[in-house]
*Asks:* 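Dropping the structure in here first, questions after.
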Amino acid sequence: MTGFPHPCLPSSLDSGAAPADRPAIIWSVAGTDSGGGAGLAADLRAASAMGVHLCPVVAVVTAQNSLGVQSVHPVPVAQLQAQLDALAQDCRPRAIKCGLLASVEAIECLARCVDALRRDGPVALVIDPVLSATAGGAAFSNAALVQAYRTLLLPRATLLTPNRREAESLAERTDTTTPALARHLLATGAQTVCITGGDDLNAPGAAHLALDWLDAQAPAEPPVAGWLALPRLPSRHHHGSGCTFATAAAAALARGYPLADAVVLAKMLSWSAVRQGYAAGAGAGPVKAEGSFIQDPRCMPVMGFADETTPSPQTLRRWRQALAARPVPGADQATLGLYAITDQATRVGPLLAQGLSQVQLRIKTASGENVQEALHQSLKLAQQQQQPGQLWINDHWREALAAGATALHLGQEDWAALNPEERSQILNSGARLGLSSHSLWELARARGLTPNYIACGPVYPTTTKDMPWRPQGMRNLRWWATMAGCPVVAIGGLLSPEQVQDCAETGAAAACLVRALKPDMSAADLRHFQTAWMNGRARRPLTPPV
């Protein structure tokens with residue numbers, strides 16, 4: 001499906017990649033819902049919306065409707081094994097999602113299957129531990145089943161997606177916070193835990209926000225933790241939302257996304273599906289998963305940082321502001337134009353004088369007298385210009401604010417390293433703020449800070465810094481410009497006017513020149529870049545697709 005951005009990092013599942021002419025395959029080992037709302041019915045709809053092929057493996061037959069579950073009938077383990085054996089011969093999965101299992105024998109069977117498949121290559125295992133029905137009715141689990149989950153499935157889990165009640169059962173803890181519950185579950189061996197909070201009204205800010213806590217500690221991927229937030233929806237039609245979330249995450253992993261990005265996509269699809277839920281009986285109706293979510297900016301969440309386990313009222317207000325898509329005071333909602341980045345203070349004045357409206361001073365050395373001197377020099381040169389321009393200072397925020405800077409740019413690692421007091425100092429300083437992003441979860445985190453712009457990069461391969469990220473290309477840059485909710489700056493590897501024009505056509509608000517700004521660059525050469533930018537802006541889409 002072409003509407004999806006391509007993954008930002010190489011996938012640990014790449015050795016099992018599907019042929020280019022076929023969708024990725026996932027299995028769902030779960031129950032049937034005779035009411036058509038949850039279980040395999042919801043999984044099939046979610047997989048279709050995510051553009052993957054789902055093989056439905058029946059582990060349980062339920063008798064239920066929208067009012068509740070009347071009875072639960074685990075299939076004989078021989079029948080479950082036969083289904084898994086048949087699929088292993090012909091439809092090897094990149095990911096397996098398991099939902100309702102309802103018997104220890106089924107859990108043992110699935111664990112053996114996962115081990116056998118992994119002997120021939122990586123397979124992700126996404127566990128949605130269905131231990132009870134939201135609508136009530138027949139029991140799904142007992143102490144032996146929960147213990148089987150703990151000992152057999154959680155140590156094999158790539159991703160675990162319980163709600164708060166299920167997390168408490170699996171962790172055997174009811175007296176702790178959601179982030180602490182996630183850490184307990186990570187200690188069982190699961191690589192990543194996302195405790196979903198759509199039904200948790202006790203989470204911070206839950207009156208207005210649907211909050212999920214993500215803690216991703218996958219090998220060979222950056223560690224990521226924080227609250228994921230979207231507006232709480234009034235819909236009572238949420239049957240199958242947990243199934244949709246887990247299946248969407250499994251599908252995203254099968255498509256090659258890193259774990260944190262897979263959870264962001266799962267959040268987006270499940271929220272969209274709840275918003276479009278409908279009545280099918282007298283009780284809670286099913287959610288409706290559709291592929292249009294991937295181009296709908298309303299579905300893009302915000303995300304907090306690992307140490308924001310209890311977000312402050314100021315943070316919650318900022319998240320709600322970002323999600324309401326209200327303009328940030330002072331934000332540049334139109335074009336920022338060409339954006340120059342230099343490590344030489346003496347070049348700030350000439351670059352602004354040549355018509356570049358945005359210049360960033362990026363000095364990648366430790367603070368000291370030389371840095372302070374360069375900051376003061378660059379700010380003085382910027383103030384001396386006849387035409388308006390904005391000087392952004394990278395990283396050295398304390399010295400910059402002390403020197404009177406009005407605009408800062410920080411990378412996300414730099415922001416994450418700050419303590420809460422330092423972040424508040426920046427946010428309350430009145431200075432404009434630009435943030436970098438390279439992945440879906442970094443985009444979500446940047447959105448949560450309501451910055452004046454979000455940089456998307458590297459757009460093209462770059463040698464200015466060593467980084468693990470794949471080049472974004474025009475496809476991802478266009479998606480960023482559609483989904484970010486604030487101006488997007490294209491950065492990384494832009495060397496020609498043609499590349500600048502391509503960036504402008506995506507709807508990006510600015511294009512960064514770094515290596516292209518050669519010391520001997522003539523005014524005529526710079527005009528070529530400026531003309532290309534204006535030509536691209538003239539051809540950009542007037543409204544983003546929804």
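Small disclaimer: the values here were computed from a predicted structure and weren't measured.
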*Asks:* Are side-chain heavy atoms of D307 and R423 found at a separation under 4.5 Å?
*Replies:*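 Counting from C-beta outward, D307 and R423 do come under 4.5 Å.
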
*Asks:* Considering only heavy atoms from C-beta outward, does the side chain of L418 approach that of W397 to under 4.5 Å?
*Replies:*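 Yes, at least one pair of side-chain atoms sits under 4.5 Å.
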
*Asks:* Is the W415 ring parallel, tilted or perpendicular to the F305 ring (thresholds 30°, 60°)?
*Replies:*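 Ring orientation of W415 relative to F305: tilted.
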
*Asks:* Please answer whether the main-chain N or O of D502 pairs with a side-chain N or O of E505 as donor and acceptor at a distance below 3.5 Å.
*Replies:*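 Not confirmed, E505 side chain does not pair with D502 backbone.
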
*Asks:* Please examine the side chains of Q314 and N428, heavy atoms only from C-beta on, and report whether any two atoms are closer than 4.5 Å.
*Replies:*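 Side-chain contact under 4.5 Å: yes.
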
*Asks:* Search all heavy atoms of W271 against all heavy atoms of R298 and return the closest pair with its distance.
*Replies:*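 So the two residues come closest at CZ3-O, 3.4 Å.
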
*Asks:* I need the L477 CG to C456 SG distance, nearest 0.5 Å.
*Replies:*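 Answer for the CG-SG pair, L477 versus C456, is 5.0 Å.
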
*Asks:* Go through the steps for Y460 and T462 under the test side chain to side chain contact (heavy atoms under 4.5 Å, CB included), then give the verdict.
*Replies:* CA-CA 6 Å; Y460 297 103; T462 178; over 6 Å; no

*Asks:* For W480 and S437, does a side-chain donor sit closer than 3.5 Å to a side-chain acceptor?
*Replies:*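 Distance-only check passes for W480 and S437.
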
*Asks:* For the CG atom of L435 and the CG atom of L433, what is their distance to the nearest 0.5 Å?
*Replies:*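 Reported to 0.5 Å precision, the distance equals 4.0 Å.
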
*Asks:* Nearest 0.5 Å, what's the CG-CG distance between D43 and L54?
*Replies:*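 If we round to the nearest 0.5 Å, D43:CG and L54:CG are 6.0 Å apart.
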
*Asks:* Report the distance from atom CG of L181 to atom NE2 of H184, rounding to the nearest 0.5 Å.
*Replies:*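 Those atoms lie 6.5 Å apart.
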
*Asks:* Test side chain to side chain contact (heavy atoms under 4.5 Å, CB included) on L253 and R94 and set out the steps.
*Replies:* CA-CA 8 Å; L253 291 173; R94 297 194 80 196; over 6 Å; no

*Asks:* How long is the straight-line distance from CD of E413 back to OG of S436, given to the nearest 0.5 Å?
*Replies:*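 If I round to the nearest 0.5 Å, the distance is 10.0 Å.
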
*Asks:* Using the test side-chain contact (heavy atoms from CB on, under 4.5 Å), find all partners of A246 that sit at least two apart in sequence or belong to another chain.
*Replies:*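 A246 satisfies side-chain contact (heavy atoms from CB on, under 4.5 Å) with K97, V126, D128, T161 once adjacent residues are dropped.
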
*Asks:* Would you check if the side chain of R537 reaches a backbone N or O of A504 as a donor-acceptor pair within less than 3.5 Å?
*Replies:*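 Absent.
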
*Asks:* Just wondering, do S272 and D296 contact through their side chains at under 4.5 Å, heavy atoms?
*Replies:*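 Answer no - side chains too far apart.
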
*Asks:* L170 versus L160: any side-chain heavy-atom pair under 4.5 Å?
*Replies:*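 Heavy-atom side-chain distance check passes, below 4.5 Å.
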
*Asks:* So that I can tick it off, tell me whether D395 and K364 are bridged by a salt bridge, with the cut-off set at under 4.0 angstrom between side-chain N and carboxylate O.
*Replies:*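 Result for this pair is yes, salt bridge flagged.
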
*Asks:* Out of curiosity, W227 CH2 to I195 CD1, how far, rounded to the nearest 0.5 Å?
*Replies:*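 Rounded to the nearest 0.5 Å, the CH2-CD1 separation comes out at 8.0 Å.
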
*Asks:* Sub-3.5 Å donor-acceptor pair from the side chain of H6 to the main-chain atoms of Q472, do we have one?
*Replies:*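 Present.
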
*Asks:* Within the 4.5 Å heavy-atom criterion, are F293 and M50 side-chain neighbours or not?
*Replies:*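 Contact flag for F293/M50 side chains = yes.
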
*Asks:* Can you find a side-chain donor-acceptor pair between R164 and T178 that sits under 3.5 Å?
*Replies:*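 Yes, a side-chain donor-acceptor pair sits under 3.5 Å.
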
*Asks:* Do you know the tightest heavy-atom contact between T176 and R173?
*Replies:*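 Here T176 and R173 meet closest at CG2-CB, 4.1 Å.
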
*Asks:* If you take all heavy atoms of Y149 and I127, which pair is closest and at what distance?
*Replies:*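 Shortest heavy-atom contact: CE2-CG2, 3.9 Å.
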
*Asks:* Less than 4.5 Å apart, side chain to side chain, heavy atoms only: is that true for N394 and I363?
*Replies:*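 They are not in side-chain contact.
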
*Asks:* Minimum heavy-atom separation for S270 to S241, with atom names?
*Replies:*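 In terms of heavy atoms, the two residues are closest at CB-O, 4.1 Å.
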
*Asks:* Is it true that a side-chain atom of R445 and a backbone atom of A416 form a donor plus acceptor pair closer than 3.5 Å?
*Replies:*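 The answer is no, because no donor-acceptor pair under 3.5 Å joins these two groups.
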
*Asks:* Looking at T196 and G198, would you say the former's side chain and the latter's main chain have a donor-acceptor pair under 3.5 Å?
*Replies:*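 No: the side chain of T196 does not pair with the backbone of G198.
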
*Asks:* Tell me whether Q295 contacts the main-chain N or O of S292 through its side chain, where contact means a donor paired with an acceptor under 3.5 Å.
*Replies:*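 Judged by distance alone, no pair lies under 3.5 Å.
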
*Asks:* When you measure from the side chain of T188 to the backbone of L185, do you find a donor-acceptor pair of N or O atoms at a distance under 3.5 Å?
*Replies:*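 Confirmed, T188 side chain pairs with L185 backbone.
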
*Asks:* List the steps and the verdict of side chain to side chain contact (heavy atoms under 4.5 Å, CB included) for N476 and R470.
*Replies:* CA-CA 11 Å; N476 280 22; R470 287 173 168 166; over 6 Å; no

*Asks:* Given 3.5 Å as the limit, does a donor-acceptor pair link the side chain of S424 with the main chain of E421, or not?
*Replies:*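 The answer is no, because no donor-acceptor pair under 3.5 Å joins these two groups.
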
*Asks:* Please check this pair: side chain of D343 against backbone of R362, looking for a donor-acceptor N/O pair closer than 3.5 Å.
*Replies:*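 No, the answer is negative, given that no donor and acceptor are paired below the 3.5 Å cut-off.
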
*Asks:* May I ask you to test the W213-T309 pair for a side-chain heavy-atom distance under 4.5 Å?
*Replies:*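 Side-chain contact under 4.5 Å: yes.
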
*Asks:* Can you tell me which residue among L159, L214, V224 is in a side chain to side chain contact (heavy atoms under 4.5 Å, CB included) with L259?
*Replies:*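 Exactly one pass, corresponding to L159.
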
*Asks:* Might you work through the side chain to side chain contact (heavy atoms under 4.5 Å, CB included) test for Q358 and V489, ending with a clear yes or no?
*Replies:* CA-CA 11 Å; Q358 314 292 322; V489 174; over 6 Å; no

*Asks:* Please find the pair of heavy atoms, one from I26 and one from A250, that lie closest to each other, and give the distance.
*Replies:*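 I26 and A250 have their closest heavy atoms at CG2-O, 3.9 Å.
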
*Asks:* Using every non-hydrogen atom in the two residues, find where G37 and A42 come nearest and quote the distance to one decimal.
*Replies:*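 Scanning both residues completely, I find the closest heavy atoms to be O-CB, 3.4 Å.
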
*Asks:* Between S48 and L44 (side chain of the first, backbone of the second, donor and acceptor by atom type, cut-off under 3.5 Å), is there such a pair?
*Replies:*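 Judged by distance alone, no pair lies under 3.5 Å.
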
